[in-house]
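Read through the structure below, which is laid out as structure tokens, and then see the notes.
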Amino acid sequence: MASDTAPVQHFIRQIVREDVESGRQPSVRTRFPPEPNGHLHIGHAKAICLDFGIAAEFDGRCNLRLDDTNPGKELPEYVQGIQDDVHWLGFEWAELRHASDYFEVFYRAAEKLIRDGKAYVDDLNADEVRAYRGTLTEPGKDSPFRGRSVEENLDLFQRMRAGEFADGAKTLRAKIDMASGNMNLRDPAIYRIRKQTHQNTGDAWPIYPMYDFAHCLSDALEGITHSFCTLEFEDHRPLYDWFVDHVDLAGHPELWQPLVEAGIPTAPSKPRQIEFARGNLTYTVMSKRKLTQLVTEGLVDGWDDPRMPTLSGARRRGFPAAAMRAFWERMGVSKQNSNIDFGVLEACVRDELDAHAPRRMAVLDPLKLVLTNLPEGHQETVEFPNHPKDESLGKRDLPFSREVWIEREDFAEVPPKGFKRLIPEGEVRLRGIGIIRCDEVVKNDAGEVTELRCTLDPETRPGGNATDRKVKGTIHWVSAMHAVAAEVRLYDRLFEVENPGDERDGKTLKDYLNPEAKRVVQGYIEPAAADAEPEAHWQFERTGYFVADRHDHRPQRPVFNRTVGLRDTWARKGR
RNA sequence: UGGGGCGUAGCCAAGCGGUAAGGCACCGGGUUUUGAUCCCGGCAUGCGCAGGUUCGAAUCCUGCCGCCCCAGCCA
């Protein structure tokens, strides 16, 4: 996948480039390793773009690996969702793997550590382990089972695998250093007993490897050269290296013989873990717990609700994948915790859509306008370019008639200062038609404006001799006779505050929800917008960028979602 | 006197001993049949603070200060 903007310099790019140029790592292999226990969100897109992007940039390969070492939390539906999201973002993996593909290798590797005196079976229960671990400032104590013989450990571990012991009764632990300042090195668990059906391996295993053990060895087995992960794993790096070095897959082919037999090409590497900061966004939340809460409490309409920061939500909202990629490229990669202004993402979305979205006209809050100097029943078609700057997007015919819908807010009886639209006795340009003058304002008994009666200046019509006469404003319209009624869902930011995850002061997510984040209106669109394919992006002139809803849109019953409004210096001034 | 990270503008972020890129936001101005787009200009005598080394320091050294992560048989 080619990059969408000039690459931004960052430390990971630099490290990889140096590794390639020096010949240390002539070929680059990376992986994106999500746990299939939830939906991917915008933050994950940063990792996806990094993992797949760096591989592509250096002519390397990137695997998609599902890190499925904790059965019970992981579901096949999530692995499908993850694949869909990665594809949507525009990436293709070299190989799809599961950590569970390597369970037999992990088991053999654990046995090797036991034989080497580097691992032991511990009978301490979870509470006892915690008590023995010490605290951040005090060293831990050795488990009384730490000194078991290799033979006993091997026997016990084999019986763990055979399913002889109950869940939690025993663990296999690495024998490292109970006094280490790094808690991860205080004899971390390698295997735990969990008699739980696994989504891939069924009931073949009563024991499952821990992340620290499985992840680094999976990387090595896949020949990964650069293993990118987030900052909180920085402390795990010594352990990552410890397992890779002590298991020494490259020097012990017998450990991964099962993969060879299964026809899985394997050439173990010495991968290097490099940590970077996650990217947070203002006005949203990214934590699985909070996202789940939004869905389960019905605060949104599901995981792909267009207000959700999930990738499926962003997609349904109409954020183009190219904009998502450009956004993360623009943001760079560093080791600083950040809270990125949501406006930057919106700016990327507008950049992309301004360049590529064809224009259409739609009226979301209709007010009838009659051109009294046109004959009753008058109708004609007017040719419009689909894009003001890109002729390759072609032209279309737009029906025009004596009665049109205009946007209610484009008329004001009492105009605020600086108002450039239609006022009584005033003139404005009807986009693509000509200059009209408002002669009469019709109201109902309640005093509400129900209709505007105007005259069109024929000299200002295309081909006339006053086409370039200047008026302050231009407004959009849809021919009433030809308009197609449409449901338009106006989305906005889900939360009203920059940090909705902030639960200090006893506030919760619900206190910060933006009640205006979803408004559904019935509007009128020009016929050429109604035939939209689901997921087609449009700019409705002067109102914003919209996408035909992926699931609900039908040409007979159009449904559009507002992706993001146009930049609006007028509305901003008013606030 | 636990360990590991990070401090450059409102938000991101480059910078790698030679005198503070870029983007978003914001403020001016120009073009415009979208109050959009586009274009031009402005926006850190300053790089957490204090010392030191150097002809020269955001970059090197020392000491402080602030923020983040770690005590799952989660990932």
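Throughout, a chain's letter reflects where its sequence line sits, starting with A, and its residues are numbered from 1.
- Pairing for B/G17 is absent, judged as Watson-Crick or G-U wobble with the two contacts each under 3.5 Å.
- When both distances must be under 3.5 Å, the Watson-Crick or G-U wobble mate of B/G7 is B/C65.
- Considering only the side chain of A/Ser338, B/C12 comes nearest among B/G2, B/C12, B/U34.
- In this model, the phosphate group of B/A13 is not approached by any side-chain N or O of A/Arg330 to a distance below 4.0 Å at OP1 or OP2.
- Along RNA chain B, the nucleotide nearest to A/Ala277 and the one nearest to A/Pro388 differ in position, and the one closer to the 5' end is contacted by A/Ala277.
- Remark: the A/Asp122 side chain and the A/Ser143 side chain contain an N/O donor-acceptor pair separated by less than 3.5 Å.
- Proximity of the aromatic rings of A/Phe213 and A/Phe243 is defined here by a centroid distance below 6.0 angstrom, and this criterion is met.
- Judged by distance alone, the side chains of A/Glu275 and A/Gln273 do bring a donor and an acceptor atom under 3.5 Å apart.
- Within the 4.0 angstrom heavy-atom criterion, base atoms lie near A/Gln539.
- With respect to A/Leu172, the side chain to side chain contact (heavy atoms under 4.5 Å, CB included) criterion is satisfied by exactly one of A/Ile190, A/Ile193, A/Ile207: A/Ile190.
- Checking A/Phe276, A/Phe228, A/Tyr211 one by one against A/Phe233, the ring pair (Phe, Tyr, Trp, His ring centres under 6.0 Å) holds for a single residue, A/Tyr211.
- Contacts of A/Gly418 with the nucleic acid, taken as non-hydrogen atoms under 4.0 Å apart, include base atoms.
- Across the C1' atoms, B/U54 and B/G22 are found 31 Å apart, a figure rounded to whole Å.
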- [ ] For the pair A/Lys195 and A/Asp167, evaluate salt bridge (charged side-chain N to carboxylate O under 4.0 Å, His left out) and give the outcome as yes or no after the intermediate values.
- [x] CA-CA 6 Å; A/Lys195 291 175 180 164; A/Asp167 281 16; 5.3 Å; no

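- Annotation: B/U59 and B/G72 have their P atoms spaced 39 Å apart (nearest Å).
- At least one side-chain heavy atom of A/Glu407 sits less than 4.5 Å from a side-chain heavy atom of A/Thr543.
- Nucleotide B/U34 holds its C1' atom 13 Å from the CD atom of A/Glu409, rounded to whole Å.
- Rounded to whole Å, the distance from CG on A/Leu566 to P on B/C38 is 11 Å.
- Ranking B/C12, B/G5, B/G2 by closeness to the A/Ile340 side chain, first place goes to B/C12.
- Residue side chain A/Arg350 does not reach the base of B/U37 through any donor-acceptor N/O pair under 3.5 Å, judged by distance alone.
- Rounded to an integer number of Å, the gap from CZ of A/Arg461 to P of B/U33 is 18 Å.
- Separation of the A/Phe103 and A/Tyr208 ring centroids falls under the 6.0 Å cut-off.
- Ring centroids of A/Phe157 and A/Tyr191 are separated by less than 6.0 Å, placing the two rings close together.
- A/Ile274 has its CD1 atom 19 Å from the P atom of B/G4, to the nearest Å.
- Of the side-chain N and O atoms in A/Thr569, one or more sit less than 4.0 angstrom from OP1 or OP2 of B/A36.
- Note on A/Glu138: nothing from the nucleic acid sits closer than 4.0 angstrom, heavy atoms only.
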Open item on the list: Treating primed atoms plus P, OP1 and OP2 as sugar-phosphate and everything else as base, which nucleotides of nucleotides 27-32 of chain B get B, S or - for protein heavy atoms under 4.0 Å?
Closed with: S-----

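- The nearest whole Å value for the distance from the CG atom in A/Leu345 to the P atom in B/A13 is 15 Å.
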TODO: Do nucleotides 66-75 of chain B as a string where each nucleotide becomes B, S or -: B if the base has a protein heavy atom under 4.0 Å, S if just the sugar-phosphate does, - if no protein is that close.
DONE: --SBBBSBSB

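- Atom name C1', nucleotides B/G35 and B/G29: the rounded distance is 16 Å, in whole Å.
- Cation-pi geometry between A/Arg359 and A/Phe540 is not met: the NZ or CZ atom fails to fall both under 6.0 Å from the ring centre and inside 45° of the normal.
- Using C1' as the reference atom, B/U45 and B/G5 are 32 Å apart when rounded to the nearest Å.
- Each of A/Phe411, A/Phe400, A/Trp405, A/Tyr524 was checked for a ring pair (Phe, Tyr, Trp, His ring centres under 6.0 Å) with A/Trp477, and the lone residue meeting it is A/Phe400.
- Counting distance only, with no hydrogens placed and no angle test, the side-chain atoms of A/Arg237 and the base atoms of B/G4 include no donor-acceptor pair under 3.5 Å.
- Between A/His537 and A/Phe546, a ring centre-to-centre spacing not shorter than 6.0 Å is recorded.
- Spacing of C1' atoms, B/G4 relative to B/C40, comes out at 48 Å, to the nearest Å.
- Base orientation of B/G72: syn, since the glycosidic angle falls within 90° of 0.
- Spacing of P atoms, B/U62 relative to B/C73, comes out at 37 Å, to the nearest Å.
- Side-chain atoms of A/Arg431 lie closest to B/U33 of the nucleotides B/U37, B/G23, B/U33.
- The base of B/C24 does not come close enough to the side chain of A/Glu346 for any donor and acceptor atom to sit less than 3.5 Å apart.
- Contact annotation for A/Phe342: no contact, since no heavy-atom pair falls under 4.0 Å across all strands.
- A distance of about 15 Å separates the P atoms of B/C47 and B/G7, rounded to the whole Å.
- Summarising the geometry, the separation between CE on A/Met331 and C1' on B/G22 is reported as 10 Å, rounded to the nearest angstrom.
- Nucleotide B/G2 has B/C70 as its partner under the Watson-Crick or G-U criteria, with both atom distances under 3.5 Å.
- B/G41 is paired with B/C27 under the criterion used here, namely a Watson-Crick or G-U wobble arrangement in which both key atom distances are under 3.5 Å.
- When the C1' atom of B/U33 is taken as reference, atom CG of A/Leu456 falls 14 Å away, rounded to whole Å.
- Using the Watson-Crick or G-U wobble rule with both distances under 3.5 Å, B/U59 pairs with nothing in any strand shown.
- The residue among A/Gly434 and A/Val333 whose nearest nucleotide of RNA chain B is located toward the 5' end is A/Val333.
- Distance A/Asp354 CG to B/C24 P: 13 Å, rounded to the nearest Å.
- A/Glu222 and A/Asn63 are linked by a side-chain donor-acceptor pair at a separation below 3.5 angstrom, with hydrogens and angles left out of the test.
- Here the separation of B/U33 from B/C24, taken at their C1' atoms, is 30 Å to the nearest Å.
- Regarding contacts with the backbone of B/C11, every side-chain N or O of A/Gln336 stays at 4.0 angstrom or more from both OP1 and OP2.
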